[in-house]
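Everything below concerns the one structure shown next.
None of these values were measured; they are calculated from a predicted model.
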Amino acid sequence: MNVHILMRRAAAHFSDLEAVVHGQRRLTFAESWRRSLRLANAMLAAGLRPGDRIGVLEDNSVEAADLFGGAAAANLVRVPLYPRNGREAHLHMLGHTGCRLLIVSENHAHEVAGIADELPDLEWVWIRDAGYEDWLASHPETDPSLPIDDNDNFIIRHTGGTTGKSKGVAYTHKAWLAAGRDWFYAFPPVEPGDACMHLGPISHGSGYQYLPVWLAGGCNVMLDHFDTRETLDVMEREGIAYAFMVPTMVNAILQDDGARGRDFSKLKCLLVAAAPIQDATALAARALFGEVLWQGYGQTEVLPVSMMGPRQWFTDVEGSQPLRSCGLPLPFAEVEIWDEDGQCVAPGAVGEIVARADGMMSGFWNNEAATKERLINGWVKTGDLGRIDANGYLYVVDRADDMIISGGFNIWPAEIENAIANHPSVIEVAVFGVPHPKWGETPHAVCVVGDLDELSAEDVIELASRELGSYKKPGGVTITTEPLPKSPVGKIKRKDLREPYWAAQERRVSGS
């Protein structure tokens, strides 16, 4: 099986059902698939060959759907760029994957002006401007019917790391299909006509839901930006059944007074993933949306790893803390916790999460050294610290490189963030280590509030001390009304917040 064959079959079986919605534009399966085939033929006519890499810089749109199917039909490998990245990042992603073509939506054209002059392999830059529709219509809608092997590459996604150059992770057709299957394994079944809302780009994390919904006859409803009121309106108007949100989106919706009293009766599954969700946010989201919350864990290099629905998440289990967990290992994934010597630790002990699944990388693109560092005997080292309890619940404690060592004690920022987030005035919170003359490092908290008079540093320190113990309380607190900095995929960038405190230090760790 490959993506092309399965998308073609769904297009035939569900031809008259709506497949893609963006704004006022609505396409049936037949209409969307014909557009994809026209784009596939246009790319092949230009001289691209199966296996060639094509970069794409776009937001969610009907045209993004054209390329999703078109690249699959032409057996070309998409290399999505992050719209919020800078030019240097674009150059790196296009350059080290050897992209021959770059397709850019018109609103991002200025970001890549003249970029082909800096990349010897990049032969064409196509801008989707006002002439795109006529140009697309000028190409045939016949299926190229190329031979595609299950192990041919389908997409190269780049890691969302905040330090160093991002690494390319290639998925084969087989691995991409497996990842989508496993994401939806624990969900309520997708039925023809079900609507799935994409707040993030389908070229990135939300793309894991795009294909399973298409294959089951569902409709992919795409938004090209995130706005809480618009999101809520779309959920009601379109009768959204499936959606994926990062925790910061969930939190933003909860802060919107217009969220209450809405009709979410069609909602089957709201997946919260890509970053840890705090207890207070999860409980408030459950109160708003009902028993429809799922949480999953994975990363670009290996996914999905664990999953849980509302019955596993919001329950009492002796010996476990489901609310603090990121789920139970999926049936088709293996998960272990290793110590520094690569040995499994006892249940409940903290170590590095390692995993393997059908939806995992075979290695980093053109980076053998990084592959050897992260891929050990078929297992992917995630770089996340975690534990598995006796009932099988997986807990992500923190990123290994975010751990704070204060006076010889290991402190994980996420634990402190979770405690502080329980304060009703806290909208967002980030905790990171800063230098301390006695303890080496000490936690510092940045709390976002609606009104500076609502919260004091003393309130935060007292709360953390009461819930976690005095050695985990922040040594300093910043109260602000400014949103926290976030990565292109919505993760809070702790390192950006931490950096000014370490500017005068030779190393980004400190000892007492």
Side-chain angles (χ1 to χ4, degrees), residues 1-13 33 36 40 48-54 56 65 67-80 97 143-159 167-187 190 202-218 220 296-307 329-335 354-368 371 374-380 382:
M1 293 186 294
N2 60 66
V3 174
H4 170 224
I5 288 174
L6 296 182
M7 288 191 74
R8 180 175 64 191
R9 183 186 69 189
H13 290 172
W33 187 240
S36 288
L48 290 165
R49 300 180 296 272
D52 281 345
R53 275 77 63 199
I54 52 174
V56 57
L67 183 58
F68 193 105
N75 198 12
L76 299 170
V77 185
R78 287 181 298 131
V79 180
T97 55
D143 195 314
S145 298
L146 298 170
I148 302 174
D149 188 86
D150 297 359
N151 292 311
D152 286 348
N153 287 321
F154 173 69
I155 189 173
I156 300 174
R157 286 203 59 217
H158 281 79
T159 58
K167 295 178 282 291
V169 177
Y171 285 90
T172 64
H173 281 252
K174 184 177 181 180
W176 189 263
L177 288 168
R181 175 203 68 195
D182 291 353
W183 269 127
F184 277 73
Y185 178 84
F187 294 170
V190 181
I202 63 167
S203 54
H204 291 83
S206 203
Y208 295 113
Q209 292 199 312
Y210 182 90
L211 185 60
V213 169
W214 173 285
L215 298 184
N220 285 293
Y297 168 73
Q299 56 182 213
T300 308
E301 294 87 337
V302 55
L303 55 77
V305 172
S306 67
M307 187 72 67
L330 280 160
F332 303 109
E334 293 182 82
V335 189
V354 298
R356 55 186 177 189
D358 291 336
M360 64 179 279
M361 69 175 184
S362 55
F364 292 116
W365 188 266
N366 287 341
N367 195 334
E368 185 176 350
T371 298
R374 292 288 301 280
L375 196 59
I376 309 296
N377 297 326
W379 293 84
V380 174
T382 66

- Parallel, tilted or perpendicular for Phe154 and Trp176, by the 30°/60° rule? tilted
- Mind checking what makes salt bridge (Lys or Arg N to Asp or Glu O under 4.0 Å) contact with Asp358, not counting sequence neighbours? Arg181
- Verify, without hydrogens or angle tests, whether Asn75 (side chain) and Gly51 (backbone) share a donor-acceptor contact under 3.5 angstrom. no
- Query: Tyr185 vs Phe332 aromatic rings, parallel, tilted or perpendicular, using cut-offs 30° and 60°?
  - Reply: perpendicular
- Message: Using 0.5 Å steps for rounding, measure from the CG atom of Leu215 to the CG atom of Leu177.
- Response: 7.0 Å
- Donor-acceptor pair, Tyr171 side chain versus Thr300 backbone, under 3.5 Å? yes
- For Arg356 against Gly378, the heavy-atom pair lying closest together: CB-O, 3.4 Å
- In chain order, what residues pass the salt bridge (Lys or Arg N to Asp or Glu O under 4.0 Å) check against Asp149, with sequence neighbours excluded? none
- Minimum heavy-atom distance Gly70-Ala40, with the two atoms named: O-CB, 3.3 Å
- Message: Tell me every residue that passes salt bridge (Lys or Arg N to Asp or Glu O under 4.0 Å) with Arg374, counting only those two or more places apart in sequence or in another chain.
- Response: Glu301
- Is there side-chain contact between Thr172 and Ser362, with heavy atoms separated by less than 4.5 Å? no
- Message: Tell me every residue that passes salt bridge (Lys or Arg N to Asp or Glu O under 4.0 Å) with Asp52, counting only those two or more places apart in sequence or in another chain.
- Response: Arg100
- Take His204 and Arg157 through the test side-chain contact (heavy atoms from CB on, under 4.5 Å) and record every step on the way to the result. CA-CA 7 Å; His204 291 83; Arg157 286 203 59 217; 3.9 Å; yes
- Message: The test is side-chain contact (heavy atoms from CB on, under 4.5 Å); show your working for Tyr297 and Thr382 and say whether it passes.
- Response: CA-CA 11 Å; Tyr297 168 73; Thr382 66; 3.6 Å; yes
- Task: Kindly determine whether Arg78 and Phe68 satisfy side-chain contact (heavy atoms from CB on, under 4.5 Å), including the steps that lead there.
- Result: CA-CA 8 Å; Arg78 287 181 298 131; Phe68 193 105; 3.5 Å; yes
- Query: Any donor and acceptor pair, going by atom type alone, linking the side chain of Asn220 with main-chain N or O of Tyr210 inside 3.5 Å?
  - Reply: yes
- Message: How close do Val305 and Gly298 get, counting heavy atoms only, and between which atoms?
- Response: CG2-CA, 4.2 Å
- In short, Val380 meets Met360 closest at the heavy-atom pair CG2-CE, 3.5 Å
- Query: To the nearest 0.5 Å, what is the distance between NE2 (His173) and CG (Asp152)?
  - Reply: 6.0 Å
- Task: Quick one: pull up CD1 in Ile156 and OG1 in Thr97 and give me the separation to the nearest 0.5 Å.
- Result: 5.5 Å
Using atom types as modelled, flag every donor-acceptor pair under 3.5 Å from a side chain in residues 2-10 to any protein atom, sequence neighbours excluded.
| from | atom 1 | to | atom 2 | distance (Å) |
| --- | --- | --- | --- | --- |
| Asn2 | OD1 | His4 | N | 3.1 |
| Asn2 | OD1 | Ile5 | N | 2.9 |
| Asn2 | ND2 | Ile148 | O | 3.4 |
| His4 | NE2 | Asp143 | OD1 | 3.0 |
| His4 | NE2 | Asp143 | OD2 | 3.0 |
| Arg8 | NH1 | Asp143 | OD2 | 3.4 |

- For Val302 and Ala357, work out which heavy atoms get closest and say how close. CG2-N, 4.0 Å
- Query: Of the non-hydrogen atoms in Ala74 and Leu146, which two are nearest, and what is the gap between them?
  - Reply: O-CD1, 3.4 Å
- Message: Can you tell me how far apart CD1 (Ile155) and CG (Leu76) are? Round to the nearest 0.5 Å.
- Response: 12.5 Å
- Message: If you apply the rule side-chain contact (heavy atoms from CB on, under 4.5 Å), what do you find for Leu303 with Trp183, and how did you get there?
- Response: CA-CA 8 Å; Leu303 55 77; Trp183 269 127; 3.7 Å; yes
- Note on the structure: Sorted by chain and residue number, the ring-ring contact (aromatic ring centres under 6.0 Å, His included) partners of Phe364 (sequence neighbours excluded) come out as none
- Angle class for the Phe187/Phe184 ring planes (parallel below 30°, perpendicular above 60°, tilted otherwise)? perpendicular
- dist Ile202:CD1 -> Trp214:CH2 (nearest 0.5 Å) comes out at 10.0 Å
